[in-house]
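Take a look at the structure set out below.
Residue numbers run from 1 in the order of the sequence given. Predicted model, so just to flag it, every value in this text is computed and none were measured.
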Amino acid sequence: MRIFIFLIFLVFPTLLFSQTNNNSDSNSNSKYQRESDTTKKQKIAPIDLYRVITIDRDTTYIDTSLTIKKEYSHNYLRKDTFGLLPFANEGQTYNTLQYSLTDFSPYPEFGFKAKHFNFMEANQIRYYSVATPVTELYFKSTIKKGQSVDAFITLNTSENLNFSMAYKGLRSEGQYINQLASTGNFRFTTSYNTKNKRYFANAHYTYQDILNEENGGITTIQDFESEDPNYNNRQRFEVYFNDAKSFLKGKRIFVDHNFRVNSKKGINNLYITHQFNYENKFFEYNQATVPSTVGNQTVARFGNSFLDSGINDQTRYNKMYNRAGLVYENTVLGKFLFFVDDFRSNYYYSRVLVFDNQGTIPSFYSQQINSAGGRYEYRHDKWNGKFLYSRSITAQSLSNLDAQLTYDLNDEIQLGFQYQNINKLPNNNYNLYQSSYVQYNWSNDFKNEKINTIKANAISPWVNAEVQYSIFNDHLYFNDVSTAAQKLVLTQIVAPSQYDGTINYLSIKANREFKFGKFALDNTVLYQKTEQNVAVLNVPEIVTRNSFYYTTYMFKKALFLQTGIVLNYFSKYYANDYNPVIGEFFVQNEKQIGNHPNLDFFINAKIQRTRIYFKVEHFNSSFTGNNFYASPNNPSRDFTIRFGLIWNFFN
């Protein structure tokens, strides 16, 4: 409340003394103003001098507008989370409703994917080029005690050299016992090019840590669904663990640079390229008290343990990736890249385990993979295409074919097509894992996953639509392998499995916004269908988000107001459950969740380049029944009031 009062006093003078200006920053992103306290006119840098650049050198511009899409992205992940189902506390994991959001890399990854939603990978880091220093401050309240912040600054010391630094931090207590989340994401980037444009370099350093207290979910689902007012205080629910926690941290150094061989750029150009990525990660599961208590019953939730107390399972990983390439560029024919790469990784523990019934569990799993490939890029008139093929030249079987093509029919209509065929090596934690829990130790040699995907999308004034059809062979997943006797005593045993059949997956997603004067209705609908002999890839058939909102200018256009209601809904399905020991979701076919509407009310405002957000989340929870879950024994978010802001400065 004190923070809220402070924000009112902070914003009110800005509103009171804001002056109208015919060229002032409106709700569009056409131009940024640098207003002075004096009447002296100053030059205004155009928006195309405030660039945001991806690792593939796709460029957008810094945007301070307030739209319904900005409402969707004002959250912990700083992106639209349609298709993701958050757990009760901010900073916890997400259940995946839209399976087509899953990204695949042919290379083996660390694993522990449920812990990686807020972990920024190398291709998610952005680089900048700005005319003047830019600062962005993000703040949002959390669940009970805590705060969520993201502070960012970027500047060009010269036209050729840019630096940026950012830190995103969160601490959220949560409503349930043992649910604290504490995370930090530090990013530092630099971009450089020579004056003659022969040499370009992008580099970044990241340090990230994600700490979650893990309560294992509530033990008495019937008490939650009974709507007994005695449990309105969620701290009264019994949970499986009162002192367990998981921890993921990682560091990365990344460099991507290229040099043009010919001194002057012409019709034909030759480049030498190199990319370097060194990263280490660490995952820990810690549990001080091993037995769980459910009512008067003592439960071995994850089975027998080597330790009576003080479990501290640690998994370490590092990788080094180098790619060297030669690019031939012709202004008519396009770009041809030929490359070779070297991938080395080490995944390891501090001991070797020997079992009578399953042999030896080794302490490490190392890989060295060399690949060769090519990429072709074509951009001409209304066509834009990217075609990539790579294949391992070492003993491992690995390949990636990715063809993308877009066609701009006109300024408003764009058509896109993609085909991808991946022969993917298993993630490391499928093949090797060690734990203090006896049945959570394995050493496997799984086959590669084979993934074929066709995507098509259309962007138009009438509708935005996406269609994806995927075929999965030798699909890897985590499965509940508990016996009937173990389930009776609430023991949960999870192990990796490989499905030897074929899974067909179809998704159709459509978005359309209708406007009626100052009112608007924004609709996003997703339909999904799977075909499989055994239910190992479970998704809800229908996921929908419908937003009805009102926008207007107030106080002589000094304030732009946006207010409305958002409905989120997904149909019932056998959602995957979460296991904190392995930091992964696993397949279960015993409890369905869904078929519960989630209604949010929001009021957002924009004053100059300050956007203020006020939101009442899930305000219908008290009168539509306690049947809202993020996983079978983890309720999703209750009625919560949140507020926050995003403040941009252009110095």
Cation-pi between [X] and [Y]: NZ/CZ under 6.0 Å from ring centre and within 45° of the ring axis?
{"X": "Lys281", "Y": "Phe119", "answer": "yes"}
{"X": "Lys319", "Y": "Phe110", "answer": "no"}
{"X": "Arg236", "Y": "Tyr231", "answer": "no"}
{"X": "Arg545", "Y": "Tyr72", "answer": "yes"}
{"X": "Lys249", "Y": "Phe282", "answer": "yes"}
{"X": "Arg78", "Y": "Tyr138", "answer": "yes"}

>> Please confirm whether the ring centroid of Tyr613 lies under 6.0 Å from the ring centroid of His74.
In response: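 Yes, the ring of Tyr613 comes within the 6.0 Å limit of the ring of His74, centre to centre.
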> With a 6.0 Å cut-off on ring centres, are Tyr499 and Tyr477 close enough?
Replying inline: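 No, the ring of Tyr499 stays outside the 6.0 Å limit from the ring of Tyr477, centre to centre.
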Could you verify whether a donor N or O on one side chain and an acceptor N or O on the other, from [X] and [Y], lie under 3.5 Å apart?
{"X": "Gln222", "Y": "Thr220", "answer": "no"}
{"X": "Asp80", "Y": "Ser73", "answer": "no"}
{"X": "Glu584", "Y": "Asn429", "answer": "yes"}
{"X": "Asn441", "Y": "Tyr433", "answer": "no"}
{"X": "Tyr348", "Y": "Gln314", "answer": "no"}
{"X": "Ser621", "Y": "Asp638", "answer": "no"}
{"X": "Asn118", "Y": "Tyr76", "answer": "yes"}
{"X": "Tyr107", "Y": "Glu109", "answer": "no"}
{"X": "Asn178", "Y": "Lys245", "answer": "no"}
{"X": "Thr142", "Y": "Ser148", "answer": "no"}
{"X": "Ser246", "Y": "Glu214", "answer": "yes"}

Classify the ring geometry between [X] and [Y] as parallel (under 30°), tilted (30 to 60°) or perpendicular (over 60°).
{"X": "Tyr99", "Y": "His475", "answer": "perpendicular"}
{"X": "Phe355", "Y": "Phe306", "answer": "tilted"}
{"X": "Tyr505", "Y": "Phe472", "answer": "tilted"}
{"X": "Phe446", "Y": "Tyr430", "answer": "perpendicular"}

>> Could you check whether atom CG of Asn304 has more than 12 heavy atoms from other residues, nucleotides or ligands sitting under 6.0 Å from it?
In response: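 It does not: Asn304 CG has 12 such atoms or fewer within range.
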> Is a side-chain donor or acceptor of Ser571 paired with a backbone partner of Ile542 at a separation under 3.5 angstrom?
Replying inline: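 Here the side-chain-to-backbone pair exists.
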> Which residues satisfy the salt bridge (charged side-chain N to carboxylate O under 4.0 Å, His left out) test with Glu541, sequence neighbours excluded?
Replying inline: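 Listed in chain order: Lys529.
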>> Using the salt bridge (charged side-chain N to carboxylate O under 4.0 Å, His left out) criterion, which residues pair with Lys591? Sequence neighbours excluded.
In response: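 So Lys591 forms a salt bridge (charged side-chain N to carboxylate O under 4.0 Å, His left out) with Glu225.
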> Between OG1 of Thr502 and CG of Asn533, what distance do you get to the nearest 0.5 Å?
Replying inline: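 Rounded to the nearest 0.5 Å, the OG1-CG separation comes to 8.5 Å.
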Side chains of residues 486-494: which donor-acceptor partners sit under 3.5 Å, not counting sequence neighbours?
from: Gln486; atom 1: OE1; to: Thr483; atom 2: N; distance (Å): 2.9
from: Gln486; atom 1: OE1; to: Thr483; atom 2: OG1; distance (Å): 3.4
from: Gln486; atom 1: NE2; to: Gln439; atom 2: OE1; distance (Å): 3.1
from: Lys487; atom 1: NZ; to: Glu590; atom 2: OE2; distance (Å): 2.8
from: Thr491; atom 1: OG1; to: Ala300; atom 2: O; distance (Å): 2.9
from: Gln492; atom 1: OE1; to: Asn579; atom 2: ND2; distance (Å): 2.9

